[in-house]
Amino acid sequence: MSAVPVDRPRARPPSVERILAIIRVGRPTASETEALTLVARSVIAEERSRLGMGEPARPDHQLADAIVERLGAFSAPPSPAAINATGVIIHTNLGRAPWPDEAIEAAKEAAGSLLLEIDRSTGRRGARFRLAEEHLIALTGAEDALVTNNNAAALALAVGLAGRGRGVAVSRGELVEIGGGVRIPEIVRRAGARLVEVGTTNRTRAADFEVPLADGSARLVLRVHPSNFRQSGFIEAPDARAVADLAHRHDALVVDDLGSGALLPTEGFGLAHEPTPEERLADGADLVTFSGDKLVGGPQAGFIVGRADLVARLRRDPLARAMRPDKVTLAAVAATLGLYRAGVAAERIPVWRMIAADVAAIRRRATAVAEAIGAGASVVDVRSTVGGGSLPGETLPSAAVAVDASESGIASERLLAGLRAGSPPIVGRIEGGRAVLDLRTVDSGADETLAVAVRAAIAKGPGVRRTARR
Ligand SMILES: *Cc1c(COP(=O)(O)O)cnc(C)c1O
């Protein structure tokens with residue numbers, strides 16, 4: 001790098017007027033002109049700070065292009081959906097569960113609909129989109145159900161049943177962080193209740209709940225399913241039925257936070273058994289809460305199922321209104337749950353379709369994709385995971401396309417970065433030093449797009465290296 005002469009005068013950015021004069025936009029309205037001016041000011045302000053840091057001045061036409069591009073992006077459709085080739089089925093950083101087509105259709109319909117608040121037979125205000133809750137009742141055998149924005153909301157609402165300042169008993173082995181820095185003790189406190197810790201980190205028995213329940217210091221038992229971690233070794237978890245019996249003998253409530261909440265038997269797909277809401281209700285839980293966008297495989301939502309009198313109390317809670325999803329989400333939730341009732345969940349819900357995909361079929365696809373990519377691509381056996389805080393440690397056999405682009409001078413990290421920056425963005429992972437694209441989590445309709453994108457990324461080469469400035 002050559003030294004910048006110390007006495008060189010610091011360049012100044014062009015004026016907003018000068019740049020605006022070279023931008024040709026049809027016949028802008030007054031508000032479009034105002035928007036253009038605001039964007040021009042911020043682009044030029046950025047140019048000024050770049051110059052202040054000794055960066056070279058950009059020509060006027062480049063600044064003008066940057067302004068036009070940024071303005072256009074405001075009204076352009078959002079970025080294209082990414083292709084998930086990570087092998088993590090429910091990927092938190094890729095929006096968790098992709099919706100089934102039926103949910104997308106239902107959401108589109110609902111977005112423009114005005115009928116939902118009215119009972120069609122009476123013309124009066126009806127229960128807001130009751131269908132999702134009716135499905136939940138049918139699928140879990142619960143007396144009643146309530147849909148919230150997410151499971152964290154469902155949990156906070158349910159824990160509030162303990163009453164202000166009253167005790168909520170939780171096993172020390174279940175005082176977990178559920179994700180995004182949100183922790184069970186904080187949810188209990190924010191719900192206005194008092195946390196009563198029971199047992200130890202590795203071992204808690206039903207009998208440990210006896211004292212706080214008997215002396216009334218706990219009015220509610222909260223069970224939190226260890227859905228995103230696994231304990232092993234010298235461990236013991238209390239028997240759910242025994243804790244529920246104990247709680248009910250002392251007139252306390254039992255809330256069971258399942259987290260993921262499977263509505264299909266996971267063991268039928270080569271995975272460990274994930275408890276179902278129905279089982280937890282049968283084990284004596286008064287209310288069970290779970291997520292809409294984990295193993296259920298639909299939109300972000302929280303579900304509360306259980307005793308009708310308690311659900312009715314929650315529905316009247318003013319906070320329930322603050323935690324209520326909008327009509328678009330409710331319609332998509334109802335459409336997703338409807339697929340379970342129709343007996344087609346494993347075929348139509350993407351999360352279950354990915355879980356159920358046959359490894360031989362995935363390998364055939366991987367072979368075809370590798371052939372289409374050509375040099376550097378090969379098929380490798382990998383393990384996919386469920387992800388999204390579900391079934392920790394459980395994996396499914398899968399096949400991936402491994403790409404080694406070192407011949408073209410492209411390191412694996414760089415290739416993956418190039419694929420992420422593409423359109424559509426493709427997200428893979430590194431395994432054994434190579435870029436690996438697991439096809440279990442890729443829709444078969446996207447195989448060709450994937451092959452074309454990888455070839456293009458390889459053809460592009462290592463890209464322009466940053467050269468020393470003049
Ligand atoms: C994921 C999870 C939650 C939070 O659910 P969201 O729908 O993400 O709000 C709560 N509890 C458990 C046990 C979880 O696994």
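Please read these numbers as outputs of a predicted model, since none were measured by experiment. We're numbering straight along the sequence, starting at 1. Below, all heavy atoms of this structure are taken into account, side chains as well, without hydrogens, waters or symmetry copies.
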Self-check item: Under 3.5 Å donor-acceptor, Ser171 side chain and Gly173 backbone
Solution: yes
Quiz item: Got a donor-acceptor contact below 3.5 angstrom from the Arg166 side chain to the Ala193 backbone?
Solution: no
Practice problem: Check whether any side-chain N or O of Arg315 sits under 3.5 Å from a backbone N or O of Leu146 as a donor-acceptor pair, and report yes or no. | Solution: no
Exercise. Apply side chain to side chain contact (heavy atoms under 4.5 Å, CB included) to the pair Leu439 and Val369, showing each step before the final yes or no.
Key: CA-CA 9 Å; Leu439 293 196; Val369 171; 4.0 Å; yes
Quiz item: When rounded to the nearest 0.5 angstrom, what distance separates CD in Glu274 from CD in Glu267?
Solution: 10.0 Å
Self-check item: Heavy-atom side-chain proximity of Ser378 to Arg434 below 4.5 angstrom
Solution: yes
Practice problem: Check Ile430 against Ser412 and note the closest heavy-atom contact, atom names and distance. | Solution: CD1-CB, 3.5 Å
Exercise. Could I get the full list of salt bridge (charged side-chain N to carboxylate O under 4.0 Å, His left out) partners for Arg348, not counting sequence neighbours?
Key: Glu102
Practice problem: Report yes or no: does Arg440 contribute a side-chain atom to a donor-acceptor pair with the main-chain N or O of Pro397 at less than 3.5 Å? | Solution: yes
Quiz item: Which atoms form the tightest heavy-atom contact between Val305 and Ala145, and what is the distance?
Solution: CG1-CB, 3.9 Å
Quiz item: So, Arg313 and Asp309, do they make that salt bridge, N to O below 4.0 Å?
Solution: no
Quiz item: Hey, mind stepping through Val296 and Phe303 against side chain to side chain contact (heavy atoms under 4.5 Å, CB included) and telling me if it holds?
Solution: CA-CA 10 Å; Val296 171; Phe303 303 142; 4.1 Å; yes
Practice problem: Calculate, to the nearest 0.5 Å, the distance between atoms CG and CG belonging to Asn150 and Leu155 respectively. | Solution: 10.0 Å
Quiz item: Do Leu94 and Val88 touch side chain to side chain, with heavy atoms closer than 4.5 Å?
Solution: no
Practice problem: Taking atom CD of Glu236 as the centre, report whether more than 12 heavy atoms of other residues, nucleotides or ligands fall under 6.0 Å from it. | Solution: yes
Quiz prompt | Residues Asp326, Thr329; criterion side chain to side chain contact (heavy atoms under 4.5 Å, CB included); working and verdict | solution = CA-CA 6 Å; Asp326 78 310; Thr329 303; 2.8 Å; yes
Exercise. Could you tell me whether the side chain of Ile89 reaches within less than 4.5 Å of the side chain of Leu396, counting heavy atoms only?
Key: yes
Practice problem: Please list, chain by chain and in numerical order, all residues satisfying salt bridge (charged side-chain N to carboxylate O under 4.0 Å, His left out) with Arg341, sequence neighbours excluded. | Solution: none
Practice problem: Evaluate whether atom CZ of Arg190 has more than 12 neighbouring non-hydrogen atoms of other residues, nucleotides or ligands under 6.0 angstrom away. | Solution: no
Quiz item: Does Arg353 reach the main-chain N or O of Asp443 with its side chain, forming a donor-acceptor pair under 3.5 Å?
Solution: no
Quiz prompt | Reported CG-to-CG distance for the pair Asn84 and Leu437, which is rounded to 0.5 angstrom | solution = 10.5 Å
Practice problem: Apply side chain to side chain contact (heavy atoms under 4.5 Å, CB included) to the pair Leu264 and Ile349, showing each step before the final yes or no. | Solution: CA-CA 11 Å; Leu264 288 181; Ile349 296 180; over 6 Å; no
Quiz prompt | Backbone of Leu271 reached by a side-chain donor or acceptor of Glu394 within 3.5 Å | solution = no
Practice problem: From the options Asp256, Asn151, Thr148, select the one residue that forms a side-chain hydrogen bond (donor to acceptor under 3.5 Å, both in side chains) with Thr289. | Solution: Asn151
Practice problem: Look at the side chain of Asp286 and the backbone N and O of Val254, then say whether any donor-acceptor pair between them is shorter than 3.5 Å. | Solution: yes
Quiz item: Which heavy-atom pair separates Arg429 from Val382 by the least distance, and what is that distance?
Solution: NH2-CB, 3.5 Å
Quiz item: Is there a side-chain contact between Leu391 and Ser260, using heavy atoms and a 4.5 Å cut-off?
Solution: no
Self-check item: Set of side-chain contact (heavy atoms from CB on, under 4.5 Å) partners for Ala111, sequence neighbours left out
Solution: Val328
Quiz item: Can you find a pair of side-chain heavy atoms, one from Leu310 and one from Leu253, that are under 4.5 Å apart?
Solution: yes
Quiz item: In terms of side-chain geometry, is the basic nitrogen of Glu143 or Arg307 positioned less than 4.0 Å from the acidic oxygen of its partner?
Solution: no
Quiz item: Going by an N to O cut-off under 4.0 Å, is there a salt bridge joining Lys108 and Asp101?
Solution: no
Quiz item: Which heavy atom in Ile178 sits nearest to a heavy atom in Ala152, and how many Å separate them?
Solution: CD1-CB, 4.4 Å
Quiz item: Got a sec: does the CZ of Phe234 have more than 12 other heavy atoms crowding it under 6.0 Å?
Solution: no
Self-check item: Backbone N/O of Asp251 and side chain of Arg219: donor-acceptor pair under 3.5 Å
Solution: yes
Quiz item: Taking side chain as C-beta onward, heavy atoms only, is Leu131 less than 4.5 Å from Glu134?
Solution: yes
Quiz item: Does the side chain of Val351 come within less than 4.5 Å of Pro98's, by heavy atoms?
Solution: yes
Practice problem: Would you indicate whether Glu46, at its atom CD, is surrounded by more than 12 heavy atoms from other residues, nucleotides or ligands within a distance under 6.0 Å? | Solution: yes
Self-check item: Arg70 CZ: over 12 foreign heavy atoms closer than 6.0 Å
Solution: yes
Quiz item: Checking Asp208 side chain against Val198 main chain: does a donor-acceptor pair fall under 3.5 Å?
Solution: no
Quiz prompt | Residue among Val255, Leu314, Leu287 satisfying side-chain contact (heavy atoms from CB on, under 4.5 Å) with Leu157 | solution = Leu314
Quiz item: Are the side chain of Trp352 and the backbone N or O of Leu295 linked by a donor-acceptor pair below 3.5 Å?
Solution: yes
Self-check item: Over 12 non-hydrogen atoms of neighbours within 6.0 angstrom of CD in Glu69
Solution: no
Self-check item: Reported CG-to-CD1 distance for the pair Leu419 and Ile83, which is rounded to 0.5 angstrom
Solution: 9.5 Å
Quiz item: How about Arg194 and Ser217: do any of their side-chain heavy atoms sit closer than 4.5 Å?
Solution: yes
Exercise. Looking only at non-hydrogen atoms, find the nearest pair between Ile426 and Ala453 and report the distance.
Key: CD1-CB, 3.4 Å
Self-check item: Smallest separation among heavy atoms of Pro275 and Leu258, with atom names
Solution: O-CD1, 3.6 Å
Practice problem: Nearest 0.5 Å please: distance from the CD atom of Glu174 over to the OG1 atom of Thr204. | Solution: 7.0 Å
Practice problem: Calculate, to the nearest 0.5 Å, the distance between atoms OH and CG belonging to Tyr340 and Leu263 respectively. | Solution: 5.0 Å
Exercise. Check the pair Asp447 / Ser444 against side chain to side chain donor-acceptor pair (under 3.5 Å), numbers first and verdict last.
Key: CA-CA 5 Å; Asp447 285 359; Ser444 58; 5.7 Å; no
